[in-house]
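Following: one structure in structure tokens, then a few remarks.
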Amino acid sequence: IPEITAVSDYIILTANQVVDGNGNTMHYPTVDLSGNTSFKGFFSTNDASVTNITNAPTIRNLKVTWEPSSTTEASGALGFWGAVVRREQSYFKVNNCRSEGTLAGQCGGICGYGSGASHGTFEVENCLFAGTGGFSTGNSGCGGIVGGFSGGLNCIVRGCISSGTNIAINFGCIVGTRFGLGINCSGTTMLVERCYSTGNIGQFGGGIAGFGCGQGALSCVIQNCYSI
């Protein structure tokens, strides 16, 4: 895996490419959560060669950590990123990855805001977020695993865990605000199963899904999940 030396750096994955972190850790430079930021996430999968979930890139066995530069979240902070997969990526698979850090805005601990955009499909399985779900002063719609406003065709979040301090308004411990109301599409057959979370939940938040889950989705199923 190439070294990341600046928050604006990222890696473009192509069709059928597999990135296996072999349990290694990638640590981002300091991330500014207080407003506009060039930090968008580590991997992009929107290469022209990737046309469906069958030939989508796979990221697995990777740990990602980052340090925020602020302990407060500014109003309207543009936290749309994903710690592993960048915002608004259409087709991708993530398995057995872990992220640790502080979330803000509409971002996701594994994949970012608008995942599954433009009628895409994603599969996120056996992943863990262990960190802080935003700030008590922030009006966040982030998700511990999947960022806000994510939705596509036959998207799956399975066997994932969110643990830590989950305090932001609207925060979803597994999937963020309005899961199913995608970017340039409405979610069809959105599935969250065998997931669980631990930690405190902020106002309008959810132990599995954030505020407005299923809004705009033709089918959004949450099954065999729990929060303690």
Side-chain angles (χ1 to χ4, degrees), residues 10 12-19 40-60 79-97 99 103 105-127 129 141-160 162 170-195 206 208-223 225:
Y10 64 96
I12 299 173
L13 302 182
T14 57
N16 299 308
Q17 188 169 356
V18 177
V19 175
K40 298 294 187 296
F42 195 17
F43 293 104
S44 169
T45 65
N46 279 354
D47 186 80
S49 65
V50 182
T51 57
N52 54 59
I53 193 62
T54 303
N55 73 352
T58 299
I59 303 114
R60 65 193 185 200
F80 295 139
W81 41 270
V84 178
V85 178
R86 291 164 66 85
R87 61 177 288 181
E88 296 181 42
Q89 303 303 297
S90 295
Y91 300 104
F92 59 86
K93 302 175 185 178
V94 184
N95 190 274
N96 195 36
C97 289
S99 72
L103 303 175
Q106 302 286 344
C107 61
I110 298 296
C111 54
Y113 164 91
S115 291
S118 301
H119 303 283
T121 303
F122 62 84
E123 298 175 359
V124 180
E125 300 185 86
N126 305 317
C127 291
F129 169 69
C142 49
I145 301 297
V146 180
F149 291 88
S150 293
L153 307 178
N154 302 311
C155 299
I156 296 172
V157 183
R158 178 184 290 129
C160 293
S162 177
N170 299 329
F171 179 79
C173 294
I174 300 296
V175 296
T177 289
R178 293 183 169 88
F179 181 71
L181 184 62
I183 305 301
N184 298 324
C185 68
S186 294
T188 302
T189 317
M190 309 291 294
L191 175 63
V192 181
E193 67 175 354
R194 300 202 300 272
C195 296
I208 300 299
F211 175 83
C213 175
Q215 181 180 3
L218 298 179
S219 174
C220 187
V221 176
I222 298 175
Q223 61 186 18
C225 297

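Because only heavy atoms are used, hydrogens play no part in the values below, and waters and symmetry mates are left out as well, while side chains stay in.
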If you compare all heavy atoms of Ser90 against all heavy atoms of Ala117, which two are closest, and at what distance to 0.1 Å? OG-O, 2.8 Å
Ser44-Gln89 side chain donor-acceptor pair, cut-off 3.5 Å: yes
Minimum side-chain heavy-atom gap Val124-Cys160 below 4.5 Å: yes
Among residues at least two apart in sequence or on other chains, which ones pass ring pair (Phe, Tyr, Trp, His ring centres under 6.0 Å) with Phe122? Phe92
Flag side-chain contact, heavy atom, 4.5 Å: Val192 against Phe179: yes
Within this structure, what is the CD1-OG distance for the pair Ile110 and Ser162, rounded to the nearest 0.5 Å? 10.0 Å
Just by modelled atom types, is the Ser219 backbone N or O under 3.5 Å from a matching donor or acceptor in the Thr189 side chain? no
Testing the basics here: between Thr54 and Lys93, what is the closest heavy-atom pair and its distance to 0.1 Å? O-NZ, 4.4 Å
Partner residues of Arg194 under the side chain to side chain donor-acceptor pair (under 3.5 Å) criterion, sequence neighbours left out: none
Considering residues at least two apart in sequence or located in another chain, which fulfil the side-chain contact (heavy atoms from CB on, under 4.5 Å) criterion with Arg178? Phe149, Leu181, Phe211, Gln215
When rounded to the nearest 0.5 angstrom, what distance separates SG in Cys195 from CZ in Arg158? 9.0 Å
One should read off an interatomic distance between Ile156 CD1 and Glu193 CD, to the nearest 0.5 angstrom, of 7.0 Å
Do Cys111 and Val94 pass the side-chain contact (heavy atoms from CB on, under 4.5 Å) test, and can you show the C-alpha distance, the side-chain angles, and the key distance before you say yes or no? CA-CA 9 Å; Cys111 54; Val94 184; 5.6 Å; no
Could you tell me which non-hydrogen atom of Gly151 sits nearest to which non-hydrogen atom of Met190, and how far apart they are? CA-CE, 3.5 Å
Could you tell me whether the side chain of Asn46 and the main chain of Glu88 form a donor-acceptor pair under 3.5 Å? yes
For Cys107 against Cys142, the heavy-atom pair lying closest together: O-CB, 2.9 Å
Nearest 0.5 Å, please: how far is CG in Leu191 from CD in Gln223? 5.5 Å
So how far is it from Tyr91 OH to Leu153 CG, rounded to the nearest 0.5 Å? 6.5 Å
Across all chains, not counting sequence neighbours, the side chain to side chain donor-acceptor pair (under 3.5 Å) partners of Thr121 are none
OG-CD1 distance between Ser150 and Ile145, expressed to the nearest 0.5 angstrom: 12.0 Å
Using modelled atom types and a 3.5 Å cut-off, is there a donor and acceptor pairing between side-chain atoms of Thr45 and backbone atoms of Leu13? no
Could you tell me which non-hydrogen atom of Ser115 sits nearest to which non-hydrogen atom of Val146, and how far apart they are? CB-CG1, 4.5 Å
Those residues at least two apart in sequence (or on a different chain) that pass side chain to side chain donor-acceptor pair (under 3.5 Å) with Asn96 are Asn61
Closest non-hydrogen atoms of Gly144 and Leu103, given as atom of the first, atom of the second and distance, are CA-CD1, 4.1 Å
Please enumerate all residues that pass side-chain contact (heavy atoms from CB on, under 4.5 Å) together with Asp47, with sequence neighbours excluded. Ile12, Thr14, Ser49, Val50
